Amino acid sequence: MRNIEAFPLSSRILHWGMAVMILAMLFIGVFIASTVGSGYHRLVALHRSLGIAILVLAVLRLGNRLRTPSPPLPADLPPVMKVGAHASHILLYTLMIVLPLVGWGMLSAGGYPIPIWGQSVLLPPILPHNPMLWAWLRSLHTVLAFLLFGLVLAHIAAALFHGLIRRDGVLRSML
Amino acid sequence: MSLLHRLYATRWQRIEKMTTNTHTPPGSILRWLGVIALPTVLTLAFLWAGGWLTPHRLTQASMLDALRKGSGMQSGFRRNHAKGICVAGWFEGNGNISSLSTATVLKKERIPVIGRFALAGGLPYQADAPGKVRSMALRLSPSDGQEWRMGINDIPVFPVGTPQEFHDLQLASRPDPATGKPDPTRMQAFRTSHPWLQPAMAQIGQRPVSSGFADDTYHSLDSFLLVAEDGTKTAIRWAMVPVQPAMPDAGHTNDHDYLFQQVIKDIHTHPLQWRLMVTLAGKDDAIDNPSKEWSQDDRQIDAGTLTLTGIGSEENGPCTGITFDPLVLPKGVMPSGDPILQARSAAYMRSFYLRSGEGPTTPAISPEMTALPATAKDKRS
Ligand code: HEM
Ligand code: HEM
Ligand code: HEM
């Protein structure tokens with residue numbers, strides 16, 4: 001069954017690059033939503049640009065994931081854990097794509113211009129201007145971001161559980 | 001497989017071979033600590049970043065709380081400048097400062113404008129009065145999407161220079177429930193603990209008061225930077241200076257909405273115009289502090305003309321579903337280091353989010369009041 005032992009290099013680079021970006025986004029996100037300080041404007045601008053970069057990379061990564069082989073989980077892993085692992089990976093992919101779309105969509109609905117990379121690119125609105133929708137999506141952005149953070153924590157704990165307790169090669173497959 | 005990974009693999013595989021068949025190796029406490037350490041550190045860092053571990057940090061929420069202390073909860077309304085009216089028209093730049101800024105809004109072109117006149121303060125049904133601070137908010141939308149939004153007030157300087165001072169002033173000036181007026185001892189305490197704000201407060205107190213919205217001058221108060229083609233930055237403030245002659249206040253103290261009634265009548269009879277007067281900072285002017293007046297000798301440039309031709313209630317008007325965030329700026333205009341600007345951008349977004357979720361309101365200035373006299377008559381018959 002174990003045709004390959006590790007994720008291909010492309011997957012590992014994407015995984016670690018995006019892990020850093022997503023964690024950074026979660027921290028920047030909760031910070032900008034709770035500050036009126038001097039970094040606010042610049043950090044919100046960074047948050048938009050980095051978020052869109054994550055969206056693009058997540059789509060590429062999904063394509064890469066479906067096209068390249070990935071190592072199977074250890075045969076002796078209890079079925080619950082296997083289901084949990086697969087379900088959580090699917091949910092992680094979903095959130096990596098949906099969360100930036102909600103961010104983009106909410107600013108569209110709020111009637112905000114959406115500049116990224118300085119002022120150089122203005123993203124077109126992807127939803128009609130609608131204040132109720134803006135408020136609703138702004139709440140959803142928070143809920144989904146917190147869900148993503150919880151999932152990332154569980155994912156990291158699981159990875160370390162594989163690496164330190166089970167020592168079954170799963171952590172190594174991503175290093 | 002990378003070279004690095006191959007090196008790893010041989011080393012790790014050996015370890016793995018020794019342990020693969022032990023389904024649950026005797027996990028020492030240290031290993032379990034290793035599992036939970038990173039998630040714990042991240043959780044703590046997340047809580048810190050979100051301000052949950054620092055209850056005294058100034059946040060959007062605490063700024064809006066301070067504003068609410070003054071006005072109570074006014075569901076669906078702006079958290080400040082709550083009583084207002086929508087206006088529309090256009091802006092026509094004259095190119096006079098095109099050498100200082102690449103902003104397309106400043107070119108010789110007619111650009112559509114949505115705006116709002118309002119009274120400062122969080123009370124949506126407050127009575128109009130001469131001494132109350134009036135505001136103009138504008139969104140200039142050129143065809144290339146490089147919007148310029150601004151919210152500008154008819155006071156010469158801002159009463160405070162930092163977000164913390166704004167917060168503390170809101171708390172100090174909140175009405176005493178017993179009298180409905182600010183508690184003088186609390187205000188006095190704020191004044192004595194902030195002696196450096198005395199000049200600003202005095203200037204605001206002594207400003208000339210015009211008769212209404214139409215003949216009022218509105219100031220950016222905060223400073224911004226113009227960015228030229230070659231990257232040169234010029235610090236500026238600006239004002240919208242009325243083309244209609246400024247009349248002294250005639251004192252209609254008993255009429256609850258007289259300021260709004262007047263501007264509705266004005267715009268229904270003829271367009272109202274303002275000049276965009278841009279002031280370039282002199283070398284001794286404080287760029288990053290809106291409570292500090294600039295020198296009277298600064299160079300001023302007329303950069304264009306605002307014309308307002310339409311007026312309507314907030315209930316169904318186009319100014320309700322947006323926020324006039326002063327940091328929505330076109331390419332060619334940048335925020336200065338003024339800390340108030342950052343706090344405004346953050347607080348306006350939060351206010352816009354909360355009020356939009358709370359749903360539609362019934363504003364003091366209703367669609368019936370803003371209807372053209374002819375259509376009002378049609379409705380009645
Ligand atoms: C993976 C991508 C993203 C993550 C992990 C993320 C995460 C977050 C988090 C955690 C918050 C704070 C929520 C709260 O505490 O209420 C936030 C707020 C926000 N996000 Fe995102 N976000 C992402 C993408 C985006 C994108 C693409 C945009 C816009 C184009 C965006 C725009 C915003 C805005 C405007 C706020 C509110 C800032 C404020 O309240 O002042 N986000 N985000
Ligand atoms: C924001 C942070 C992270 C995200 C969004 C994330 C996401 C993912 C996803 C979607 C997968 C499935 C494989 C793929 O398609 O790439 C995966 C696999 C994996 N991740 Fe992460 N990851 C994050 C952080 C981490 C960290 C910090 C660790 C290590 C402590 C880690 C260890 C692993 C391991 C060992 C696998 C392989 C699981 C398997 O063999 O199926 N990840 N990750
Ligand atoms: C830290 C200082 C300030 C805070 C926290 C603050 C807060 C607010 C809030 C929450 C709103 C309602 C926004 C909305 O719901 O769309 C508002 C509106 C407004 N503010 Fe401020 N403000 C501050 C400073 C200033 C300054 C310096 C000016 C003038 C130069 C100003 C002018 C305005 C105007 C004109 C509006 C009304 C905009 C409209 O008609 O929609 N504010 N302010």
Side-chain angles (χ1 to χ4, degrees), chain A residues 4-6 8-9 12 23 26-42 44 74 76 78 106 109-113 115 118-120 122 124 129-136 138-139 149 152-154 156-161 163-169 171-172 175, chain B residues 1-2 5 8-9 12-13 15-16 19-20 23-25 27 31-32 34-39 42-43 45-46 49-52 57-61 63 144-147 163 320-323 325 327-331 335 337 339 341-343 345-347 349 352-359:
Chain A
I4 59 161
E5 304 238 319
L9 183 62
R12 281 176 283 136
L23 279 170
L26 288 162
F27 287 107
I28 295 172
V30 285
F31 183 74
I32 55 179
S34 62
T35 184
V36 293
S38 60
Y40 177 78
H41 186 61
R42 234 168 305 142
V44 176
D76 60 350
M106 78 193 187
Y112 278 97
Q119 290 281 71
S120 48
L122 276 178
H129 181 196
N130 178 333
M132 267 295 196
L133 187 60
W134 136 255
W136 189 79
R138 177 63 187 79
S139 303
F149 184 64
V152 166
L153 288 184
I156 293 173
L160 293 171
F161 171 75
L164 294 173
I165 309 294
R166 277 186 55 94
R167 285 173 267 174
D168 57 6
L171 178 56
R172 181 171 48 79
L175 292 177
Chain B
M1 226 195 271
S2 71
H5 188 257
Y8 259 111
W12 281 75
Q13 257 158 21
I15 300 170
E16 200 190 329
T19 54
T20 17
H23 283 203
T24 38
R31 285 176 177 279
W32 279 105
V35 172
I36 60 163
L38 187 53
L42 287 175
T43 306
F46 194 72
W52 290 285
R57 189 202 286 175
L58 214 49
T59 65
Q60 283 97 325
M63 290 305 259
D144 65 357
Q146 294 286 340
E147 277 186 25
T320 307
I322 57 172
T323 184
D325 178 340
L327 293 188
V328 171
L329 295 168
K331 215 166 154 173
L341 279 173
Q342 304 284 333
S345 185
M349 178 179 271
F352 180 40
Y353 161 40
L354 296 175
R355 67 181 165 88
S356 300
E358 289 155 5

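Computed from a predicted structure; not experimentally measured.
- When heavy atoms are compared at a cutoff of 4.5 Å, B:Ala45 approaches chain A by way of both its backbone and its side chain.
- With a 4.5 angstrom heavy-atom cutoff, A:Tyr112 touches chain B via backbone and side-chain atoms both.
- Heavy atoms closer than 4.5 Å to chain B are found in the backbone of A:Ile32, but not in its side chain.
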Exercise for the section: Please step through side chain to side chain contact (heavy atoms under 4.5 Å, CB included) for the pair A:Thr35 and B:Thr59, ending with a clear verdict. Expected result: CA-CA 4 Å; A:Thr35 184; B:Thr59 65; over 6 Å; no

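- The contact between B:Leu327 and chain A is made by backbone and side chain atoms together, counting heavy-atom distances below 4.5 Å.
- Distance check, rounded to the nearest 0.5 Å: CG of B:Leu42 to CG of A:Leu23 gives 6.0 Å.
- The two residues B:Gln342 and A:His41 make their nearest non-hydrogen contact at OE1-N, 2.7 Å.
- Using cut-offs of 30° and 60° on the angle between ring planes, the pair A:Phe161 and B:Trp32 is tilted.
- In terms of heavy-atom pairs under 4.5 Å with chain A, the best-connected choice from B:Gly357, B:Pro39, B:Gly51, B:Gly34 is B:Pro39.
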Problem - Evaluation steps, side chain to side chain contact (heavy atoms under 4.5 Å, CB included), between B:Met349 and A:Tyr40 - result: CA-CA 12 Å; B:Met349 178 179 271; A:Tyr40 177 78; 3.9 Å; yes

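- Considering every non-hydrogen atom in both B:Tyr353 and A:Ser139, the closest pair reads OH-OG, 2.9 Å.
- Of the N and O atoms on the side chains of B:Arg57 and A:Ser34, at least one donor lies less than 3.5 Å from an acceptor on the other residue.
- Each of B:Ser345, B:Pro163, B:Pro339, B:Gly359 has some count of heavy-atom pairs under 4.5 Å with chain A, and the biggest count is that of B:Ser345.
- At a 4.5 Å heavy-atom cutoff, the contact between B:Asp144 and chain A is made by backbone atoms alone.
- Here B:Leu58 is the residue among B:Leu58, B:Ile322, B:Asp325 with the most heavy-atom pairs under 4.5 Å with chain A.
- Put simply, the side chain of B:Arg31 does not reach to within 4.5 Å of the side chain of A:Leu160, judged on heavy atoms.
- The most heavy-atom pairs under 4.5 Å with chain B, out of A:Arg42, A:His129, A:Arg138, A:Met106, come from A:Arg138.
- Of all non-hydrogen atoms in A:Pro113 and B:Glu147, the two that sit nearest each other are CG-OE1, 3.8 Å.
- The part of A:Leu122 that comes within reach of chain B is its side chain, from C-beta onward, which places non-hydrogen atoms under 4.5 angstrom from that chain.
- Listed here is the closest heavy atom pair of A:Gln119 and B:Leu329: NE2-O, 2.6 Å.
- Looking at B:Thr320, neither its backbone nor its side chain comes within 4.5 Å of chain A, counting heavy atoms on both sides.
- Counting all heavy atoms, side chain and backbone alike, A:Ala157 lies closest to B:Val35 at O-CG1, 3.5 Å.
- The two residues B:Ala346 and A:Val36 come nearest to each other via the heavy atoms CB-CG1, 4.1 Å.
- Both the backbone and the side chain of B:Gln60 come within less than 4.5 Å of a heavy atom of chain A.
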